[in-house]
Asks: 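The structure is given below, and queries will be raised subsequently.
FYI, side chains are in, hydrogens and waters are out, and symmetry mates aren't considered; it's all heavy atoms of this structure. Numbers for residues simply follow the sequence, beginning at 1. Because the structure is predicted, anything quoted here is derived from the model rather than measured.
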Amino acid sequence: GYGGAAHGGVGGYVIGHGTFAREPYGSFTNPMSLGSGSWTPGGGAIVLVVGGGIAINGTISANGGVSSGGAGGGAGGAINITAGTLTGTGTIRARGGYNSWSGGGGGRIALQGMTNDTFSGEIEVHGGNNGVRGMAGTIWLSPIRRSNLVIGNGGSYTNLRFGCDG
């Protein structure tokens with residue numbers, strides 16, 4: 001089909017050409033499901049259970065597939081991290097893929113059990129942005145430690161959006 005696939009967010013829909021897994025699915029708080037595929041494959045599932053702490057200074061990615069031709073993009077997959085401590089300046093992403101017609105929906109990310117969290121990197125679940133845009137996925141932040149949530153880039157909110165990625 002020409003439409004983007006869904007997972008945490010709805011895939012971009014091309015009227016009259018169908019779509020794959022149109023409605024979001026999977027767990028918001030404990031994601032483990034794969035992203036759906038369309039013309040390109042969906043993102044995988046990464047589950048990390050760490051007894052102590054984890055430092056993320058690189059990139060952990062479960063992105064949907066990207067193509068220069070074809071139809072709909074694959075949906076982002078799932079990243080589920082459970083650890084006592086989360087540190088680092090890296091990137092955690094489960095973005096929707098894209099191609100010439102429509103983007104896949106964003107995936108699902110959950111950060112669980114952190115009693116100490118100084119992670120200052122990026123967490124991304126946006127939908128694929130070529131053609132008809134896929135919608136953003138979901139991010140679950142453990143309520144054990146999250147008493148303070150900073151959104152934005154040093155006070156710059158030029159790219160900050162809540163709700164759909166319209």
Asks: Roughly how far, to the nearest 0.5 Å, is CE of M135 from NE2 of H126?
Replies: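 Here the rounded value is 13.0 Å.
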
Asks: For F119 and I56, work out which heavy atoms get closest and say how close.
Replies: CE1-O, 3.7 Å

Asks: Please confirm whether the backbone N or O of T118 pairs with a side-chain atom of T87, one donor and one acceptor, at under 3.5 Å?
Replies: no

Asks: Please enumerate all residues that pass side-chain hydrogen bond (donor to acceptor under 3.5 Å, both in side chains) together with T82, with sequence neighbours excluded.
Replies: none

Asks: Return the set of residues passing side-chain contact (heavy atoms from CB on, under 4.5 Å) with L34 (not counting sequence neighbours), or none when no residue passes.
Replies: A45

Asks: Without swapping roles, check the side chain of S102 against the backbone of G4 for a donor-acceptor pair under 3.5 Å.
Replies: yes

Asks: Can you name the nearest heavy-atom pair linking P24 to G8, along with the distance?
Replies: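 Nearest heavy atoms, P24 then G8: CB-O, 3.8 Å.
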
Asks: Do M32 and I79 sit in one hydrophobic cluster, given that two such residues count as connected whenever their side-chain heavy atoms are within less than 4.5 Å of each other, even indirectly?
Replies: no

Asks: Quick check: closest heavy atoms across I46 and A62, and the distance to 0.1 Å?
Replies: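 Minimum heavy-atom separation between I46 and A62: CD1-CB, 4.4 Å.
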
Asks: Does anything in residues 25-53 form a salt bridge (Lys or Arg N to Asp or Glu O under 4.0 Å)? List the pairs, not counting sequence neighbours.
Replies: none

Asks: Transitively linked via ILVMFWY side-chain contacts under 4.5 Å: I123 with L86?
Replies: yes

Asks: Identify the two heavy atoms, one from E122 and one from E124, that lie closest to each other, and give their separation to 0.1 Å.
Replies: OE1-OE2, 2.8 Å

Asks: Would you say H7's side chain and G76's backbone share a donor-acceptor pair under 3.5 angstrom?
Replies: yes

Asks: Pair D117, L141 - check side-chain contact (heavy atoms from CB on, under 4.5 Å), show working.
Replies: CA-CA 11 Å; D117 179 356; L141 304 173; over 6 Å; no

Asks: Ignoring hydrogens, what is the shortest heavy-atom contact between I139 and V125? Give both atom names and the distance.
Replies: CG1-CG2, 3.7 Å

Asks: Which residues pass the side-chain hydrogen bond (donor to acceptor under 3.5 Å, both in side chains) test with T85, sequence neighbours left out?
Replies: none

Asks: Do you know which two heavy atoms are closest between G73 and S38, and how far apart they sit?
Replies: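 For G73 versus S38, the nearest heavy atoms are O-CB, 3.7 Å.
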
Asks: Counting only pairs under 3.5 Å, give me each side-chain donor-acceptor contact of residues 105-114, with atom names and distances, residues two or more places apart or in other chains.
Replies:
residue : atom : partner : partner atom : Å
R108    : NE   : Y25     : O            : 2.9
R108    : NH1  : T138    : OG1          : 3.1
R108    : NH2  : Y25     : O            : 3.1
Q112    : NE2  : T29     : O            : 2.4

Asks: So do L48 and I60 actually touch side chain to side chain, heavy atoms under 4.5 Å?
Replies: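 Yes, close enough: below the 4.5 Å cut-off.
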
Asks: Checking N57 side chain against G88 main chain: does a donor-acceptor pair fall under 3.5 Å?
Replies: no

Asks: Only counting residues at least two apart or in another chain, list the ones meeting side-chain hydrogen bond (donor to acceptor under 3.5 Å, both in side chains) with N30.
Replies: N80

Asks: List for me each residue that meets side-chain contact (heavy atoms from CB on, under 4.5 Å) alongside T59, sequence neighbours excluded, and say none if there are none.
Replies: S61, T91, R93

